[in-house]
Amino acid sequence: MSTAILYSITGIIIFTVGLRGLVIYTHFLRKVLAINVMGTGIFMFLIALANRNSNGMPDPIPHAMVLTGIVVAVSATAFILALVVRLHAATGHTSFEAIHNDDRGAKL
Amino acid sequence: MTQIIASHASVWTIMLPFLSGVLCFMAGRRIGTLIGVVTAFILTILTLNLGVSVFQSGPSRYAIGGWSSPLGIDIHLDGLSVLMLGFTAIVGTCISMYAFGYFKDRKGLKKEKNKHYAKMGTYFWPLWFFAWGGLNVLFLSSDIFNIYVALEIVSFSAIALVALKGSVDALLSATRYFFLTLLGSLVYLFGVGFLYSAYGVLDLGLLETVIRPGMISTVAITLMTLGLIIKTALFPIHFWLPPAHANAPAPVSAILSGLVVMGSFYLLVRLWFETFTGVIMPVAGQLLGVLGAIAILGGALQALRQSRLKMMLAYSTVAQIGYMFLLFPLLAGNSIGQGFAWGGGIYFSISHACAKAAAFMVAGSIMYALGHDRIKDFRGLAQRFPIGVFAFALAGMSLMGLPPSGGFIGKWMLLKAAMLTGQWWYALLIVAGSILAACYIFRVLEITLKAANPGEKALHIPLRMQLSSLAMSFFAILLGLAATIPLEILKIDSPVFFQSMEGFIK
Amino acid sequence: MNINIFDLLLAPTLIFLAWQMLRARDLLVSIVLFIIFGVLVSLAWVQLQAPDIALVEAVIGSALTGALFLGCLGHMESHRKKIVIEKIKISKGSKVYDCFLSVLVISMGSILSWSVLTLPKNVLGLTDKIQSALAKSGVENPVTAVILNFRGYDTLLEMGVLFLVVVSVYALHAIEPVSIKIQPRQASRVLIAFLHILTPLMILVAFYLLLVGGHAPGGAFQAGAMLAGVGILMLVGGVAFSFNVERWVLRFIYVIGFGSFLLIGLGVMGGERNFLEYPEYLSKKLIFLIEFLATISISFILVTLFAGCSGFLNYGKSNSGTVRGVSA
Amino acid sequence: MSVNDYISVFFIGVGVMFFIAGILGVLRFPDIYSRLHALTKADNLGLGFIILGLALGIGEISMALKLLFIWVVVIISSATSCYLIARAALRMGIVPWRKL
């Protein structure tokens, strides 16, 4: 087994851990954390496999892709956190379930 | 592959929206609105021009930065991309005209409320032009990673537009939309990662030449399809769409249902039938077909149950997305009907964009004047708002698939494809879905045609809004009357089998 | 390349951290674990010969994103006047659901991993092509060449994403007057003294990263994030400075990075020369100009994004603590 | 290995010892103030030794200066952050631990 394979599979596992977290945890912040974890998993996969050239030079194209990806991820995180903060200020809740339950309570 | 260098016009169609988005942000609302409307018209002229040049000299590529494809990123122009570009421009111009009226100061509103609309108007323009620019990047790019960035631009601006209203409902649906669409793009990106690590190229055209069936290719196309299905809101991941589309301001609903949906669908079609043709197994197409079938029936039934017009239209979008996905099973089999399936699916998505945008514009106008969109209180609307109801009826014809609308042509071609490939159950489904669509459209029209209560006057709605929705719905009908032109454009460098359609076009 | 013991330790640690981060009972612990995770991931980048990404990961992926989360959590807790007690809850409330999902995710992971093993051992890639084109690109660092020249289009759009998000964050607060407010509390003297040392240092480091980007790891994003770090410290520490988006100067700063890139791209276009195709004799200068302006934009945008999710962006009732008009 | 290398390894080893001591302090000390104390003091010194060792190992003046610079920045920022944490803890009302 080479470093490339080790880290690419690590990346896949990190991605799946994040995916499970995204679906299963309800708190918005935890969901956003999970999305970031998923992203990191994908990036690790890309960078690991960029590093398996026989001449020892890593392929710079995936590096550029990951740099772009990290910046997009931080933008997404900032955007969703701003949304979450607004939602929290308006409803006092931090998950879809809580807001939904509250809504039903108000209507009854 | 054609190597004719395209003119710089294709770059301008991509960069002009971004440029004016930036200018709108700098200039503020008043000047920003003017910049917006002017840009929309210039863009329409530019894309029509581009369409003509592709029509005359065939498909072309353009190397950005002068480094052509494996190293750099290419723009490619062919029939499909030019068609998408053109209809985005037409729908976009109508929406821009509509928004021009929608975000204006309103008479008879409280000062505070007006201020709210003014603020919304300030941010609407830059966000809308970024969405437009992102779509243009998506349609023209031939690089799968570049497309990922474009998808993110489109979704971020769409989410910001949904949240623009600032109400709890809007924020909530924007948040839900956000999580799902981000999940979709990440899964897509993973697919891109697999492709690059296996083949070492990102260009769609080059991939087409090097791709081989096998484990990696199957995994990659599965991931990319999953991601794009989430983004297109096909059943069973459709639940985020109706609240997001219904809670947004009217021009935004039109943008989302008309254009944003079309973007990810376009990409899926291109991947399946150009790049991955050799990899796709027919059973996968059937799977998408089944999901589409459930979406058609479920979406239409849900639409029938809605009491609010915008919610009804949003569920109708879910059903119509189902129709678009019928393209996949009908094309997967190798036979004579493929030309009809291909043309029908694409045609359907275009005419849906026009019709649904028109319908949402009318719904927005009604909300603008009445302050609500409860269908049961629409009594007498045909007398009080004749242009709107007329436009809604025209758009409805296309949604139901009545001749001579664009929706009719799309459905007819899909129907023909279903018969020719011997999958008659899809034909039944198409007919059943149309009947259900007729039910929910006529339910609304019936109430509006009832006599108005005495003393109710005509609605006061800015002329710009009325005319732009009318123009949009005329387009939906015109697509049925002049079907040859879009189909001829679609034929240019088309991946599939248009020979079988020759007779139909002429 | 052969595997060494460090990799064998690091990889499971990363998985364990990701797992623990998501399931930690206290959200603050989750976020701290996220930051540690980020730092370790940047070690993995170093192991994988990607120093550029290690820098970006440490500065943006770990530190800045961590600051965003911490700011958001802190703001939400203070906003409620009581600590948000949040239990870990499974969405649909049932163990069966969790099991089903876990099986699904594990099988997905195994299919993906299995297909990785079928990947060809040595892929063509574009390394050779990039090496031979490097001389014409105007920079010597291959990653910078890809980012700003070969695939400059992606980077242009990425700047667009950053700009778009800043517009979106302002649009979220569109109903109310928008300006960045400072905390009413007094800034700590020690912190101010620290900032007096740190600010010039960070400007120096940012400039160094910018300059060095041409031939070694570094570049606009790293430099911009460095500067943004100082801005965030000022914001948190209560050092008086405030933004007001109504002023055109601030909007201009947001725009300048993306706008200048776009205009330069369009400006070099014409005749035989394509979009973003810099003339060879100018490419070094143009790339530096783009990076320099991008750094300024990025730093302000990142500070604004932090402000947007940690309650420094003014919304709701107008706050008496708002300082308007003090220039940024 | 030359003499220089042995010296460098020795200093790095000393630094690691300080780090271990610092970690033990964080784990074993009774309250936040004493833990901070252990953390900043031991770690700064440990880092100093490690940097000294590395600088000797590299034997290049410009590199050594860069490493020294890193150490100075870490010392300043850890002092500041330690002070801020302690102040926040005091304001939250955490009473320093006393031997009973």
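Per chain, numbering begins at 1; letters A, B, ... match sequence-line order. Nothing here was measured: the structure is a model prediction, and the numbers come from that model. We use all heavy atoms of the structure for the numbers below, so side chains are in, but hydrogens, waters and symmetry mates are not.
Looking only at side-chain heavy atoms (C-beta outward), A/I80 and B/L182 stay at 4.5 Å or farther from each other. Counting heavy atoms from C-beta outward, B/E152 and A/S75 have side chains that stay 4.5 Å or more apart.
Note: A/L87 CG to B/T175 OG1 = 4.5 Å, rounded to the nearest 0.5 Å. The line from OH of B/Y196 to CG of A/L46 is 9.5 Å long, rounded to the nearest 0.5 Å.
Residue B/F156 touches chain A through both its backbone and its side chain, counting heavy-atom pairs closer than 4.5 Å. Within the 4.5 angstrom heavy-atom criterion, only side-chain atoms of A/L49, from C-beta onward, approach chain B. Only the side chain of B/F145 comes within less than 4.5 Å of a heavy atom in chain A; its backbone stays farther off. Looking at A/F15, the atoms closer than 4.5 Å to chain B (heavy atoms on both sides) all sit in the side chain, from C-beta outward. Only the side chain of B/A163 comes within contact range of chain A, judged by heavy atoms closer than 4.5 Å.
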Which donor-acceptor pairs under 3.5 Å do side chains of residues 187-195 of chain B form with protein atoms, sequence neighbours excluded?
| unit_1 | atom_1 | unit_2 | atom_2 | d |
| --- | --- | --- | --- | --- |
| B/Y188 | OH | B/I144 | O | 3.1 |

>> Applying side chain to side chain contact (heavy atoms under 4.5 Å, CB included) to B/L171 and A/T91, what does each step give before you reach the verdict?
In response: CA-CA 10 Å; B/L171 293 173; A/T91 65; over 6 Å; no

>> Checking A/L19 against B/L186 for the side chain to side chain contact (heavy atoms under 4.5 Å, CB included) test, could you report, in this order, the C-alpha distance in whole Å, the side-chain angles of both residues, the deciding distance, and whether it holds?
In response: CA-CA 10 Å; A/L19 181 59; B/L186 281 178; over 6 Å; no

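Formation of a donor-acceptor pair under 3.5 Å by the A/R86 side chain with backbone atoms of B/V168 is not found in this model.
Between B/F179 and A/K31, the closest heavy-atom pair is CE2-CB, 3.5 Å.
When B/L172, B/V149, B/L71 are compared by the number of non-hydrogen pairs under 4.5 Å with chain A, B/L172 comes out ahead.
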